[in-house]
Protein chains: 2
Amino acid sequence: MQSKPATIKAIAQILGISASTVSRALHDHASIGLTTKAKVKKLAEELNYEPNQTAIFLQKGKTHTIGVILPELAEDFFSTAVSAIEDTAYKKNYTVLIAQSHDDEAKEKLLVEKMKSHRVEGLLVSVGKNTSSYQHFEDLKKYNIPVVYFDRIPGIPNIHYVACNMETGTIEAVNYLLRKGHRVIGMINGPQAMVATGERREGYISAMTKNRLKYDPSLIVSCDLTEHDTQRALEQLLNNKRRPTAIVTFNDYVALFALKHAKKLNVKINEELELVSYANLPLINYMDNIPVASVEQFPYLQGQKATDILMDLLHHKSTAASEPGAFYKVIIESQLVENKR
Amino acid sequence: MQSKPATIKAIAQILGISASTVSRALHDHASIGLTTKAKVKKLAEELNYEPNQTAIFLQKGKTHTIGVILPELAEDFFSTAVSAIEDTAYKKNYTVLIAQSHDDEAKEKLLVEKMKSHRVEGLLVSVGKNTSSYQHFEDLKKYNIPVVYFDRIPGIPNIHYVACNMETGTIEAVNYLLRKGHRVIGMINGPQAMVATGERREGYISAMTKNRLKYDPSLIVSCDLTEHDTQRALEQLLNNKRRPTAIVTFNDYVALFALKHAKKLNVKINEELELVSYANLPLINYMDNIPVASVEQFPYLQGQKATDILMDLLHHKSTAASEPGAFYKVIIESQLVENKR
DNA sequence: AAGTTTAACGCAAACGTTTGAGCAATTTTA
DNA sequence: TAAAATTGCTCAAACGTTTGCGTTAAACTT
């Protein structure tokens, strides 16, 4: 078998015409005769000709490829976001390159280099939870590679992003618990560096004070989202002088860790302790007992919007460049959904 | 700002030397003077030079890219498999291009074209559940693009694949249920076209007959894995003349659909009816009640092995070509894991 | 001192495609 | 029937790299 795919040159040689004619024929250019076109197309079909994108990329300077950098593909939130990204990109005839940082800032930097090297036209990123500097992303602007952040966004100005406003959902969550009669409500929050951590905290404080309850800082404890640290955080809350009867956890994984540990500690879920979480997992509502409610973060929507924005940026580069102060900031309001039993 | 990244040519021009010298200098070629090397590297650093992969691809005829085609990224099984693929590929300095078929055979074909067009060096694929012809994949062999199938593999000879042998796990599952005292065991199986459907069926029959129980065909009903059809299948089993007290479901999603519907039908889970499933979901073991056990399919391992095989194929192409009869067939034995309460 | 080696670099082609400009036939116009 | 317009095609350069081969000048032989 022919190991190498057919090229335009090969077609040209067989037909005894020039490569440019073949190229134009395949593109239905007006200045090529119908008989020639027919011959070319027929042979291309026969040889199973497939344009070499890498050559086209080089020639046109456009790769029609976007990159995605995110912490963990296996996490349900991200995989559905990527699913949306791929779907949306596919419709616009873009290809997507993925890479996961595993929350490692050093690797994140390397991945940016790799993406740059691959000449992606734009980048979609959800930053690692430990990432402290965003310079490696911001540098891309110099090369006209737009970056759209989603979900885990940096807390810096002048960026494009789509994210959930966690404050809204958190307020709803706390209100929900208050309505159910809870007065001492704890929170297992995320790392201080994350924007979402601050929003949850603000939401918590806002809901409490709006309800004329005093805010007790000892009821909010941050953790690094690992199972181990969640256990520590849970114990810290349970041993607090004012022991919470309900806890808002940073996300579903944390909720599951906490649940597991609570069982081990013989804390009766939904009697002694109720949980409210932020949905990253699809089937939490198939579960019994926990958590009683979740704050939905719309991963598919986020992925979709982020890709739309990137596409817009790519196709109106001039506009974006001419209005350097204009940044997309799409905020999806998080929403409390009560989990049906 | 400079909108376009620096090129070798640009560096050459600035330094007043030739492009080839710059290229060699950057690669630490022996025949370039140390002072020149130093100058080149310094300037490259300053200009933030990043080699243009598309150009290198074209020149070398190697893209260092592999493609992944699978049905649904948002499904947990696949996302963790992709996570493994990306991790493994990254270590070998390969980039991964992903695309989802959404179980649509026509789209699957288009994606193959796209991958071919992108000149991926190899392909990892998990076929759609309705895919009946595999010609679009097999055609790639002509172009020396190796294909490694994983998990959802075609039932044809002469292919490389890694998959779980569902028969083993199914036998274990049925044995487990028999030990628990069940005698009438149902099965909600997948589409007939899937290899895994056959394996489950064989496992079921094998376990039953080995235990001297007669095999009742009406207890195995196939469904298309949608929620709706699962409901139908469940009802069919519940209305069977011999009503099963336990059901083996095709996967966790089907189990969840069945569970949901069973609740609606007022069937008491784990009293009237026990479920055993095949794990695709990570947190099924955090759940109460269902299912009592799962057959683990090791998604990360599958992704990893599949990528390893592909890498091997890519690096020993000659070997593979010289021994046309040699195909990788990695079978991971599925394994029953009892879900801890 | 003439010949030979070696070090350091440049030339040019190639990868596959696109595209502006040019050119030769053929057809149209006046 | 000569000039002008149209048709259908070819040439050559370009995109950014790599690489075999050639070239120059300096350093080393004997």
Side-chain angles (χ1 to χ4, degrees), chain A residues 2-41 43-44 47-65 116-121 143-145, chain B residues 2-41 43-44 47-65 113 116-121 143-144:
Chain A
Q2 69 226 35
S3 66
K4 289 291 162 199
T7 76
I8 282 195
K9 283 187 181 178
I11 295 180
Q13 190 162 14
I14 295 176
L15 258 34
I17 58 182
S18 82
S20 40
T21 303
V22 175
S23 174
R24 280 189 249 255
L26 290 172
H27 287 86
D28 264 328
H29 195 279
S31 75
I32 302 295
L34 291 109
T35 54
T36 314
K37 274 185 191 171
K39 276 195 299 182
V40 168
K41 287 181 181 174
L43 186 59
L47 295 182
N48 234 299
Y49 169 76
E50 200 72 42
N52 185 331
Q53 292 293 353
T54 61
I56 299 178
F57 294 163
L58 180 59
Q59 149 70 26
K60 298 209 167 173
K62 299 242 156 258
T63 60
H64 257 247
T65 301
K116 206 159 66 172
S117 206
H118 273 266
R119 296 296 190 268
V120 297
E121 293 183 21
Y143 303 100
N144 250 324
I145 302 177
Chain B
Q2 67 227 36
S3 66
K4 289 293 163 196
T7 77
I8 283 194
K9 283 187 181 178
I11 296 180
Q13 191 162 15
I14 295 176
L15 257 35
I17 59 183
S18 83
S20 41
T21 303
V22 174
S23 174
R24 281 188 250 255
L26 290 172
H27 287 86
D28 263 330
H29 195 280
S31 75
I32 303 296
L34 290 111
T35 54
T36 313
K37 273 184 191 171
K39 275 196 300 184
V40 168
K41 286 181 181 175
L43 186 58
L47 295 181
N48 232 300
Y49 169 76
E50 199 72 42
N52 185 331
Q53 294 292 355
T54 61
I56 299 179
F57 293 162
L58 180 59
Q59 149 70 26
K60 298 209 167 175
K62 299 244 156 255
T63 59
H64 257 246
T65 300
E113 294 300 308
K116 206 159 66 171
S117 208
H118 273 267
R119 295 297 189 267
V120 296
E121 293 183 22
Y143 303 100
N144 249 322

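Numbered from 1 within each chain, the chains take letters A, B, ... in sequence-line order. Just so it is clear, the structure is predicted and the values come from calculations on it, not from any experiment.
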**Request:** Mind checking B/Thr54 for me? I need base, sugar-phosphate or nothing, with any heavy atom below 4.0 Å counting as a touch.
**Result:** nothing
**Request:** Measure from NE2 on A/His29 to P on D/dT7 and round the result to the nearest Å.
**Result:** 13 Å
**Request:** Select base, sugar-phosphate, or nothing to describe what B/Gly33 touches, counting heavy atoms under 4.0 Å on all strands.
**Result:** sugar-phosphate
N/O to N/O distances under 3.5 Å, protein versus nucleotides 19-29 of chain D:
from: D/dG20; atom 1: O6; to: B/Arg24; atom 2: NH2; distance (Å): 2.4

**Prompt:** Side chain of B/Lys41, backbone of B/Asp28: donor and acceptor closer than 3.5 Å?
**Reply:** no
**Asked** Between B/Ile17 and B/Ala55, which has a closest nucleotide on DNA chain C that is more 5'?
**Response** B/Ile17
**Item:** side-chain hydrogen bond (donor to acceptor under 3.5 Å, both in side chains) contacts in which one or both residues fall within residues 7-17 of chain A, not counting sequence neighbours
**Value:** none
**Asked** DNA chain C: B/Thr36 or A/Pro51, which has the more 5' nearest nucleotide?
**Response** B/Thr36
**Prompt:** 5' to 3' on DNA chain C, which nucleotides open and close the contacts with chain A (atom under 4.0 Å from a heavy atom)?
**Reply:** C/dC15 to C/dA21
**Prompt:** For A/Phe57, does its backbone N or O pair with a side-chain atom of B/Thr54 as donor and acceptor, under 3.5 Å?
**Reply:** no
**Request:** Please confirm whether the backbone N or O of A/Glu121 pairs with a side-chain atom of A/Lys62, one donor and one acceptor, at under 3.5 Å?
**Result:** no
**Asked** Taking NZ from A/Lys39 and P from D/dG8, how many angstroms apart are they, rounded to a whole number?
**Response** 13 Å
**Prompt:** Is a side-chain N or O of A/His29 found less than 3.5 angstrom from the main chain of A/Ser31, in a donor-acceptor match?
**Reply:** yes
**Request:** Kindly give the heavy-atom pair with the smallest separation between B/Arg119 and B/Thr63, and that separation in Å.
**Result:** O-OG1, 2.7 Å
**Prompt:** B/Ser117 side chain to A/Pro51 main-chain N or O, any donor-acceptor pair under 3.5 Å?
**Reply:** yes
